[in-house]
Amino acid sequence: MKKQTLISLISMGVLAGAVICGSFVFRNHESGIDDGASVRTAQDIAADEVIFLDDEALAAADSSNESASLRSDALRAYNLVNEERESAGLTDLTWDSNLESTADVRAEEASRSFSHTRPNGTQWYTVNSEIMGGENLAWGQTSASQVVKEWMNSPAHRDNILYPDFNDVAISLYQTDDGTNYWALEFGY
């Protein structure tokens with residue numbers, strides 16, 4: 001019995017140390033990507049009996065004061081994504097203005113709740129479920145090359161970027177008052 005108690009106490013100490021170290025490391029990160037890319041198939045989209053369209057969020061995004069510099073960075077990331085696809089023998093993705101509106105919404109929402117679940121508790125694609133087929137998120141990256149590199153180094157995000165069935169894309173960059181960048185890459189069919 002004493003041996004079992006000693007092993008349990010040692011295990012608890014190791015676990016506590018891991019939690020403390022994990023906390024320390026997390027707080028020292030300067031950037032990150034979401035825990036996994038989200039994707040829906042074209043069949044999933046076609047089979048949806050309920051169509052979600054968040055008119056209020058789209059209207060807010062369309063009236064946002066996105067700077068020309070942020071949009072320029074997002075377009076640079078778009079070009080780099082297409083370079084990655086070309087290197088893999090895939091066709092370029094086409095920029096879609098409707099996806100750009102949804103990406104604007106998701107980038108701003110990611111600044112408040114960094115997740116594929118929206119701040120209101122619904123899934124990421126409910127901004128416009130008729131067109132949203134995949135999503136990559138990131139935060140903290142200061143350049144287009146940095147964010148695309150980190151996405152390409154993550155298997156799930158790389159899979160989205162190199163998914164041959166995606167045809168359309170848009171990327172938005174939202175910057176908080178403290179200068180932190182939040183990126184949303186939205187894919188469509």
Asks: Run the side-chain contact (heavy atoms from CB on, under 4.5 Å) check on Leu75 and Arg71 step by step: do they pass?
Replies: CA-CA 6 Å; Leu75 291 171; Arg71 188 159 195 280; 3.5 Å; yes

Asks: Do Ser113 and Arg118 have a side chain donor and acceptor closer than 3.5 Å?
Replies: no

Asks: Could you walk me through whether Thr102 and Glu186 pass the side-chain contact (heavy atoms from CB on, under 4.5 Å) check?
Replies: CA-CA 7 Å; Thr102 66; Glu186 303 299 329; 3.9 Å; yes

Asks: Are Arg158 and Glu150 within salt-bridge range, i.e. N to O under 4.0 Å?
Replies: no

Asks: Return the OG to CG distance between Ser145 and Asn79, rounded to the nearest 0.5 Å.
Replies: 12.5 Å

Asks: Report the C-alpha separation of Tyr189 and Asp165 in whole Å, then their side-chain angles, then the decisive distance to 0.1 Å, and conclude whether the side-chain contact (heavy atoms from CB on, under 4.5 Å) test is met.
Replies: CA-CA 7 Å; Tyr189 293 97; Asp165 290 347; 3.9 Å; yes

Asks: Write down the atom of Leu99, the atom of Ala170, and the distance for their closest heavy-atom approach.
Replies: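 Nearest pair, atom of Leu99 first, then Ala170: C-CB, 3.5 Å.
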
Asks: When you measure from the side chain of Asn82 to the backbone N and O of Leu93, does any donor-acceptor pair fall under 3.5 Å?
Replies: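 Such a contact is found between Asn82 side chain and Leu93 backbone.
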
Asks: Please say whether more than 12 non-hydrogen atoms of neighbouring residues, nucleotides or ligands are located less than 6.0 Å from CG in Asp177.
Replies: no

Asks: What closest approach, in Å, do Ala184 and Ala107 show between heavy atoms, and which atom pair accounts for it?
Replies: CB-N, 3.6 Å

Asks: Could you tell me whether the side chains of Asn181 and Gln141 share a donor-acceptor contact shorter than 3.5 Å?
Replies: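 Looking only at side-chain atoms, Gln141 and Asn181 do not form any donor-acceptor pair under 3.5 Å.
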
Asks: Hey, are the side chains of Asn167 and Thr94 touching, using non-hydrogen atoms and a 4.5 Å cut-off?
Replies: no

Asks: Show your reasoning for whether salt bridge (Lys or Arg N to Asp or Glu O under 4.0 Å) applies to Lys149 and Glu84.
Replies: CA-CA 10 Å; Lys149 180 181 179 182; Glu84 293 291 346; over 6 Å; no

Asks: What are the two closest heavy atoms between Ala88 and Leu162, and how far apart are they?
Replies: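 Looking at all heavy atoms of both residues, the closest pair is CB-CD2, 3.9 Å.
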
Asks: Under 3.5 Å, side chain of Ser143 to main-chain N/O of Gln146, donor-acceptor pair present?
Replies: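 Yes, Ser143 side chain to Gln146 backbone: donor-acceptor pair under 3.5 Å.
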
Asks: Taking all heavy atoms of Val147 and all of Ala77, pick out the closest pair and write down the distance.
Replies: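 Here Val147 and Ala77 meet closest at CG1-CB, 4.4 Å.
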
Asks: How many angstroms lie between atom CD of Glu86 and atom CG of Asp92, to the nearest 0.5 angstrom?
Replies: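 Answer for the CD-CG pair, Glu86 versus Asp92, is 4.0 Å.
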
Asks: Quick check for you: to the nearest 0.5 Å, what is the distance between Leu173 atom CG and Asp73 atom CG?
Replies: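 If I round to the nearest 0.5 Å, the distance is 6.0 Å.
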
Asks: Quick one: are the ring centres of Tyr163 and Phe187 less than 6.0 Å apart?
Replies: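 No, the ring of Tyr163 stays outside the 6.0 Å limit from the ring of Phe187, centre to centre.
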
Asks: Return yes if some donor-acceptor pair links the side-chain N/O of Thr126 with the main-chain N/O of Gln123 below 3.5 Å, else return no.
Replies: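 Yes, Thr126 side chain to Gln123 backbone: donor-acceptor pair under 3.5 Å.
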
Asks: Looking only at side chains, do Glu135 and His116 share a donor and an acceptor under 3.5 Å apart?
Replies: yes

Asks: Answer whether the closest heavy-atom distance between the side chains of Tyr182 and Glu108 falls below 4.5 Å.
Replies: no

Asks: In Å, rounded to the nearest 0.5 Å, how long is the span from OG1 of Thr142 to CD of Gln175?
Replies: 10.5 Å

Asks: Tell me the closest heavy-atom pair linking Ser111 and Tyr174, and the distance in Å.
Replies: OG-CE2, 3.5 Å

Asks: Does any N or O in the side chain of Trp151 come within less than 3.5 Å of the main-chain N or O of Leu137, such that one atom is a donor and the other an acceptor?
Replies: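 It does hold such a pair.
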
Asks: Nearest 0.5 Å, what's the CD1-CD distance between Ile161 and Glu83?
Replies: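 Answer for the CD1-CD pair, Ile161 versus Glu83, is 12.0 Å.
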
Asks: Please round to the nearest 0.5 Å and tell me the distance separating atom CD of Glu109 and atom OG1 of Thr122.
Replies: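 It is 7.0 Å, given to the nearest 0.5 Å.
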
Asks: Decide whether Ser172 and Asp104 meet the rule of one side-chain donor and one side-chain acceptor closer than 3.5 Å.
Replies: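 Distance-only check passes for Ser172 and Asp104.
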
Asks: side-chain contact (heavy atoms from CB on, under 4.5 Å), that's the test. Do Trp183 and Trp139 meet it? Break it down for me.
Replies: CA-CA 6 Å; Trp183 302 78; Trp139 67 271; over 6 Å; no

Asks: Would you name the heavy atoms of Asn136 and His157 that are closest together and state the gap between them?
Replies: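 Taking Asn136 first and His157 second, the nearest heavy atoms are ND2-O, 3.3 Å.
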
